[in-house]
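Okay, so here's the structure we're looking at.
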Amino acid sequence: MKNKNIIKICLDICLIVLFIMMYNKRIISQDFHEIGGLIICGIFIIHMLLNSKWINIVTKKFFSR
């Protein structure tokens, strides 16, 4: 369980760094924007898969009312 949390934190840090780099006008080029966007999508999908248990619980509670 502890390793899973470390992986989640590392993924979150990577997402934050990429988002910050996307907003910096001096770093951005078209190639970086396209590749960075694909990397962000991939990391987001992995992040959602790691949190699928929590997502299922919250969704069931939301729709049970």
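What you see is a predicted model, and the numbers here were worked out from it, not measured in a lab.
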Shared hydrophobic cluster, Met21 / Ile13 (ILVMFWY, side-chain heavy atoms < 4.5 Å): yes

CZ/Phe44: more than 12 non-hydrogen atoms of other groups inside 6.0 Å: no

Minimum-distance pair of heavy atoms, taken over all atoms of Cys14 and Ile43: CB-CD1, 4.0 Å

Qualifying residues under side chain to side chain contact (heavy atoms under 4.5 Å, CB included), relative to Ile16, sequence neighbours excluded: Ile20

Nearest-0.5 Å distance, CE of residue Met22 to CD1 of residue Ile39: 8.0 Å

For Thr59, all residues meeting side chain to side chain contact (heavy atoms under 4.5 Å, CB included), sequence neighbours excluded: Ile55, Phe63

Pairs involving residues 38-49, ordered by first then second residue, that meet side-chain hydrogen bond (donor to acceptor under 3.5 Å, both in side chains) (sequence neighbours left out): Asp12-His47, His47-Asn51

Val17 reachable from Ile46 in the ILVMFWY side-chain graph, under 4.5 Å edges: yes

Residues clustered with Leu49, ILVMFWY side-chain links under 4.5 angstrom: Ile45

Those residues that, when tested against Ile7, pass side chain to side chain contact (heavy atoms under 4.5 Å, CB included) (two or more places apart): Leu11, Leu50

Pairwise distance CD1(Ile9) to NZ(Lys4) - rounded to 0.5 angstrom: 13.5 Å

Partners meeting side chain to side chain contact (heavy atoms under 4.5 Å, CB included) with Ile57 (sequence neighbours left out): Lys53, Lys61

